[in-house]
Amino acid sequence: MKEVTANFNTKEIEREVQEYWRTHETYKAVKQHRSAGKAFFFVDGPPYTTGQIHLGTAWNKIIKDSLLRYQRMNGRNVIDRAGYDMHGLPIEVKVEQALGFSSKKDIEKFGIGHFIEKCREFAIRNKKLMDAQFESLGIWLDFPNAYQTITPGYVEAAWWTLARAEEKGMLERGFRVVNWCPRCETAIADAEVEYWDETDPSVFVKFPIKGKANEFLVIWTTTPWTLPANVAVAVSKEFVYARVHAEKNGHKEYLWMAEPLIKSVLKKGRYQKFEALETKTGADLVGWEYDSPLAEQVPLQHEIAHRVVAADFVAMENTGMVHIAPGHGWDDYVLGTKEKLAIVCPVDGAGKFLPVAGIFAGKFVRDANQDVLDALGDHLMATEKITHRYGHCWRCKTPIIFRATSQWFLKASEIRDLMLAEVEKVTWYPEWAGSARFYDWIKEARDWCISRQRYWGIPIPVWVCDKCDKYRVIGTIAELEKASGTTVPDPHRPFVDSVTIPCECGGEMHRVGDIFDVWFDSAVASWATLGFPAKTAEFEKLWPADFITEGQDQTRGWFYSQLGASTIAFGKAPYKSVCMHGFALDAEGKKMSKSLGNVVSPEEVIAKVGVDVLRFYVLSTSAPWDDLKFNWDGVATVNRAVNILWNVYRFPLPYMILDKFEPQSKDGVWDKAYIASHLHELPDEDRWIISRVNTVAGIVDAATKECQLHRATRELINFILEDLSRWYVQLVRPRMWLEGESEQKRFAYETIYYVMRRLIGLMAPFCPHITEEIYGNLRCRNDPASMHMLDWETCDDSLVNAELEHAMELARSFDDAVQNARQAGKRKLRWPVDEVVIVTAKEEVKAAVARLNAICMDRANARKVTVVMGRWDRIGWHAEPVMKALGKGFGKDSFKVKGLIEAADGNAIKAATGAGQTYTLTSGDAKFEIGAEHVTFTEKLPADIFSAPMEDGTVYVDVALTPDLEAEGYAREVIRRIQEMRRQLDLAVEDFITVDVAVADKRICDLVGANWKPGIAEEVRAKNLSLHNANEPAASAYQLIKEWDVEGIAMTIGISKASP
RNA sequence: GGGCCCGUAGCAUAGCUCGGUGGUGCGCCCGGCUGAUAACCGGGAGGUCAUGCGUUCGAAUCGCAUCGGGCCCA
C-alpha cells in the first residue's frame, strides 16, 4: 500500500489505468480467465461509421460495457465482439460532397470502382477514429476483431439470408410504388423518410365527364405534377354527391362533388351563384367515365380510359373526390392493382418527366407544378397554398416523390403473426418496450423494399437471365464462383456486376444492378458476427443472442430489421432479451443538434471530470429507458460523490502504512474470512458497516440483473455518502489515532479494508478505472492482477444484521437531533454537555440507545445519554389563555386574567384543572377562579434545555455549564488552536512540540490548568506545555506565535517543533 | 392524425405497480468540525406534484381530457 495524493486527478488516474491495461493486456487476460465459463452471447448494435461519437453513442456503449462487466464478474464467457455499420447512402453522400458531385451521372463518370474505393476508405478511417473514442471510455468490447459489414464474410451472410428468403417464397420482385429520392435516384425505405413542413399548391381541378357537355367531376390535389399520370377518380360509396348548377361571371356549368362540401368548394372557386340540382351516392357514380383535361398536351393520357372507382380511404374533406395516380402514391397503387387500373409513371429516376409526358418532358416534377396549372386552363377551378408535413430523404433532405418502379421486396407482412409471437417470447427491459411499443409497430409491418439503386452497399445477389427472365439467388461466394466459373475476390460493385452465369435456356444471367437497403446489413448481424454461414459451430452453440441493448429509435430500426430477417431465415427471434434505452437530450429536454448549438460531446465531459464520472453520471441520472437530460450540475454532483469515495479510501492509508498494516491473507491472497470469524468481537460500528455493505450488495445485484442501472448506481452513491463518509468514517476516526498496537485499531483496519474491497467490487462494472486504481493499491501480493478478474459478490446474509442497521439509523437520527438542539441552544459541539435525554414511547429506541450508548455519547459530546419512556419530569407546562372562554367568564377583567395566566405557574394550573378543580389567581384583592375551559397547555422547557425531534422520539439537550464542563470546553478550544498552528508549521502527525499558552483571564487559566494540562499536552503531542495567566505574549522565541480570541478570552499561543 | 414514454422546489430526481401528513441531492441562506482540511458534517428556507374534470372519506399515485417535451409512425 502506498499513500495517495489529496488532489484526486481522475484524468491522470484513468490514463495510468488504461496504460496498465494496455501493457498488461488485462482485457485479454480477463477474457481468458472467463473462457471456460457459460457463454453469454451479446451482439453489439453497430454504430454507423460517421467518425464522431456523441453523448448518446457514449451512453449506449457505457450501458453495454457495464452490463457485460457484470456478466463477466459473474463468471460468464461474454461474446463481446464490437460491430460497425459501414455501407450505405450516408457515406456515399459524404463522399459525393467531398468530391463535389451532385448526381449519379458524376459518380458514373468518375467510375463506380473509384467511388466505392473512396467510400471504403472513408468508412475504415472513421471506424478507426471511433475505436479510439470508445476505448477511451474504458469500453471493453472486442474492437480489434470488430465485425464490419463490408467484409466478404459479412456480405455472404446477407446473401445467404436472401437465398433463404427466396427458398421460402418470401422474396418478391415487384413493380410497386416506393418512396423515391430524386437526388440520390434511389428507392428509400419508409424508415428513411423524415417529415417536416413544406408549402405546396392546393388546387381544385375540373375533370370533364365523358359524353356530357359542360359537366365536371371536381377533385383536389397538392401535387399538380401527378395529374399527367391520373387514371381515375375515387369516391366513397357511402357519401352523397351532388350535381351543382354553378355560375361565375355569367358562365354557367354543372359540377359534381360531395354534397356537404359544396359551399366551401364553390367559395374557393369564387362562384357567385350555385344550386344543387340532384344527388347520388358514391356507389351510383362508380363506372362513370371522364376525360383528362391534359389529354391535348400529354400523349400518355390519350391511351387511358379514365373512370370513377370506389375506395374506402376517401374522406369527407376538400371535394370528397380523390385524384388517383397509381404510379405516384401508395394508396393509389393499391387501389390501382385492385381495380386493374393502368399503373403509369411518366417520371424518370431523377424526377424528370419522360417524353410520354408531352409538353412537360424533361421538366423536374416539383418545378412542373406551375406548368401543369397553366396547361389546365379553364379546368383549374381554384388554387391556393398549403403548408403540410411532407417526406424528405433522410440523407440529402430532398423532398421525396412516390414512384412506381421495379424493386425487390421481403414479404414481411406475411410473417407478421409469427413475428408477434416471437416478440412475446423475448424479455424486454422495460416490459412495455416490447409489449406495447414494439408490438404495435410490428402490427403495422409492411413489405420491406430491400433494393436500392446505389453503389456502396451489399450487392443484391440476384442474377437474371437476359433471355428467359428467370432469376437465381446466390447464397454464397463459393456458389457464385462455381456457377460463374470466375473467382470472386471482392463481392462488392462493380466487380460482381461483371460476373455472369450461364442460364439453362442458353441465355446469360446478369446481376440486377441494385444493392441492399443498408438496414439489411445490420439485420443479419447476430449470425454474421459468428462467421455464419461460412462457419457453423459457434452459431449452433450460441445463437440466438442472450442480450442486446439499443436506443428507442431502434424499435423501427435494428430491433425490427433483425427480427424480420431472422424470422424469415430461421423462423424465430434472434435475441432472448432486449434493453431499450432512451435518448440523450440537452438540459431543457431538447434534442441535441448542431443547429441548436446545444451539443455536449463526451470528450468535453471527460476533459472536465473524467471517464468514470461520466459513466457514473449517465448511469445514475436516469433510468436507462428514460431520456437523459444532460445537466452539468448533475455531473458535478456525481463528481463530488466520486471525490468523497477517493477521500474515504485515502483517509486510513497513512495510519495503515505507519502501522505496517497488512490485511489477513492466506498465501498472499486476501482472506475475507477474517471478518466473519471475528464478527462477534468487532465493535458495533464495524458490524454495522459490514452489514450495510452487504445489504447494498444485494440491492445492487438485484437491480443490475434487471437492467435497473440507475437504482444500482444510486444505491452505491448513497452508500458512499451516507453510510461511509457521513457516518462510519466519523465514528472510526478516533481508532485511527490510537498509539501503538491495539486490537481496536486492527479491527478498524480490517473492517475498512473489507468494506473498500467489497465496495470497489460492486462499483467495478460502472467505474472500471477508479476501482482498478484503488484495487491496485489495496490488493494483497497474490491477489489477481486486476479488479476485473474478481468474482461478483452479492449479499452475504450471515453478515447482515437488520436490527443493528435499524438501531444505527436511530442513532443517526439522534445525532442529527442533538446537533439541531445544540444549534438552538447555541452550544458548539466542541463544548461538552452534561446530559442528553431522549423521550420516546418506543422500546426500540430505548434498546438502540442502550446498545449504541458509547456512540451516542461520543457524537453528542455528552457526559450522559439517557432514555425516558413516556414523560420526562423536567418538562413543565406553560398555560395559555383561551380568550373566548375568558370573555364569557370574566367580562371586562379578561385582559387582566390573560396576563395573570401567562405569568402563572403552568404546572400548578395543570395539576389543579387536571384534577377537576379550579385554580385561584390573585391580583391585589381580586381573585379569579380558573377552570379547565380557560386554558390550554404547551410544553415548557427549563432554561438551558433545548429540544429537537428525532425518529420516534424527542431529544433534550441540557446546555448548562458547570466549571468542569467549562474547563473541558476551553481545553478543547486550546487544543484546536494548537492543532491549527501545527498544521501551519506543516508538522508531521508524529512530530512533538513545545507549547506556551498565555491566558488573559485568571479564572479561565486556573480552571483549565487545574485538570487539563496533561490532556492538552497529550492531544497535541507536546513535550513541554506551559500554561500561565498573562496579558502579554510569551517572551520566549517560538517558531510560531499567534494571538487568539477564544470566546472573548484573549490567548497567546507559541509553539515550536521539539527536538526528537 | 396515431402508438409509446416523460412532466414532482431554481436544477436534477424518489415516491406512482398496490391511494392514507411528498422524500433526497445540487444550488441558496445560517451554523458546526478542524489528525479526510482547497476536505468533511448539521440546520433552514424553498412545492398549485404540468392543467382541468372525474372516481374516492381521502389522489402525486387510479380514470378521462387538455397542454408541454421526447422517440416512432401516417
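Nothing here was measured: the structure is a model prediction, and the numbers come from that model. Reminder, nothing fancy here: chain letters follow the sequence lines and each chain counts from 1. FYI, side chains are in, hydrogens and waters are out, and symmetry mates aren't considered; it's all heavy atoms of this structure.
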Legend entry - Heavy-atom donor-acceptor pair, A:E951 side chain to A:S813 backbone, under 3.5 Å: no
Legend entry - Distance, C1' atom - from B:G15 to B:U61, rounded to whole angstrom: 8 Å
Legend entry - P gap between B:C62 and B:C6, integer Å: 10 Å
Inset, instruction - Could you work out the separation of B:G63 and B:C40 based on their C1' atoms and round it to a whole Å? - result: 49 Å
Inset, instruction - Side chain of A:R983 only, please: which of B:G3, B:U34, B:A36 is the nearest? - result: B:U34
Inset, instruction - Give a yes or no on whether a donor-acceptor pair under 3.5 Å exists between the nucleobase atoms of B:G42, that is its base, and the side chain of A:Q823. - result: yes
Inset, instruction - Rounded to whole angstrom, note down the P distance from B:A14 over to B:A9. - result: 12 Å
Legend entry - Protein-nucleotide distance (A:I644, atom CD1; B:C41, atom P), rounded to Å: 5 Å
Legend entry - B:C41 OP1/OP2 closer than 4.0 Å to side-chain N/O of A:S725: yes
Inset, instruction - Among the candidates B:C4, B:C71, B:C33, find the nucleotide nearest to the side-chain atoms of A:W432. - result: B:C4
Legend entry - First encountered from the 5' end of RNA chain B, between A:H710 and A:Y655: A:H710
Inset, instruction - Go ahead and write out RNA chain B as dot-bracket, 5' to 3': ( ) for pairs within the strand, [ ] for ones crossing earlier pairs, | when the partner sits on another strand, dots for unpaired; Watson-Crick or G-U wobble, both distances under 3.5 Å. - result: (((((((..((((......[..)))).(((((.......))))).....(((((..]....)))))))))))).
Inset, instruction - Would you mind telling me which residue lines up with the more 5' stretch of RNA chain B, A:Q554 or A:N718, judged by nearest nucleotide? - result: A:N718
Inset, instruction - Give the nucleotide from the list B:C72, B:C6, B:C40 with an atom nearest to the side chain of A:D626. - result: B:C6
Inset, instruction - Could you check which of B:U34, B:G3, B:A36 has an atom nearest any side-chain atom of A:R733? - result: B:A36
Legend entry - Any side-chain donor near an acceptor of the partner, A:E685 and A:W727, under 3.5 Å: no
Legend entry - Over 12 foreign heavy atoms within 6.0 Å of NZ, A:K828: yes
Inset, instruction - Choose from B:A39, B:C72, B:G70 the nucleotide whose nearest atom is closest to any side-chain atom of A:Q552. - result: B:G70
Legend entry - C1' gap between B:C67 and B:C53, integer Å: 15 Å
Legend entry - Under-4.0 Å salt bridge between A:K1042 and A:E980: no
Legend entry - P spacing across the pair B:G68 / B:C30, given as an integer number of angstrom: 41 Å
Legend entry - Residue A:K629, side-chain heavy atoms: nucleotide from B:C71, B:G43, B:A12 that is nearest: B:A12
Legend entry - Residue pair A:R650 / A:N647, side-chain donor-acceptor N/O under 3.5 Å: yes
Inset, instruction - Using a 4.0 Å heavy-atom cut-off across all strands, classify A:E1019 as base, sugar-phosphate, or nothing. - result: base
Inset, instruction - Measure from the side-chain N and O atoms of A:R403 to the backbone N and O of A:G329, and report whether any donor-acceptor pair falls under 3.5 Å. - result: no
Inset, instruction - From the options A:F438, A:Y429, A:F559, select the one residue that forms a side-chain contact (heavy atoms from CB on, under 4.5 Å) with A:M580. - result: A:F559
Legend entry - Nearest-angstrom distance from the residue atom CG of A:N631 to C1' of B:G10: 11 Å
Legend entry - Length of the line joining A:I720:CD1 and B:C40:P, which is rounded to integer Å: 13 Å
Inset, instruction - Starting from C1' on B:G69, measure out to CG on A:D627 and report it in whole angstrom. - result: 9 Å
Legend entry - Residues A:R711 and A:E715 bridged, charged N to O under 4.0 Å: no
Legend entry - Euclidean distance, atom CZ of residue A:F814 to atom C1' of B:G43 [Å, nearest integer]: 17 Å
Inset, instruction - Indicate whether the side chain of A:W448 and that of A:D517 have a donor and an acceptor atom separated by less than 3.5 Å. - result: yes
Inset, instruction - Using only side-chain N and O atoms of A:R827, determine if any of them is under 4.0 Å from OP1 or OP2 of B:G42. - result: no
Inset, instruction - Determine the contact category for A:V648: base if any of its heavy atoms lies under 4.0 Å from a base atom, sugar-phosphate if only primed atoms, P, OP1 or OP2 are that close, otherwise nothing. - result: base
Inset, instruction - Take atom CG of A:D331 and atom P of B:A74, then tell me their distance rounded to the nearest Å. - result: 12 Å
Inset, instruction - Determine the Euclidean distance between corresponding C1' atoms of B:G20 and B:A60; express it in Å to zero decimal places. - result: 13 Å
Inset, instruction - Would you check, one step at a time, whether the test side-chain contact (heavy atoms from CB on, under 4.5 Å) holds for A:R827 with A:V833? - result: CA-CA 9 Å; A:R827 183 67 72 223; A:V833 296; 4.1 Å; yes
Legend entry - Rounded distance (Å) that lies between atom C1' of B:C72 and atom CZ of A:R446: 15 Å
Inset, instruction - Report the distance from atom CD1 of A:I978 to atom C1' of B:U34, rounded to the nearest whole Å. - result: 14 Å
Inset, instruction - Establish, with yes or no, whether the OP1 or OP2 oxygen of B:A14 is under 4.0 angstrom from a side-chain nitrogen or oxygen of A:R714. - result: yes
Pull out every protein N or O sitting under 3.5 Å from an N or O of nucleotides 25-28 of chain B, one pair per line with the distance.
unit_1 : atom_1 : unit_2 : atom_2 : d
B:C26  : OP1    : A:R640 : NH1    : 2.9

Inset, instruction - State which residue, out of A:V609, A:I62, A:N631, A:T713, fulfils the side-chain contact (heavy atoms from CB on, under 4.5 Å) condition with A:Y617. - result: A:N631
Inset, instruction - Could you check whether A:R711 gets within reach of a base, just the sugar-phosphate, or nothing at all, counting any heavy atom under 4.0 Å? - result: sugar-phosphate
Legend entry - Sidechain N-carboxylate O distance under 4.0 Å for A:E722, A:R692: no
Inset, instruction - Rounded to whole angstrom, note down the P distance from B:G46 over to B:G10. - result: 11 Å
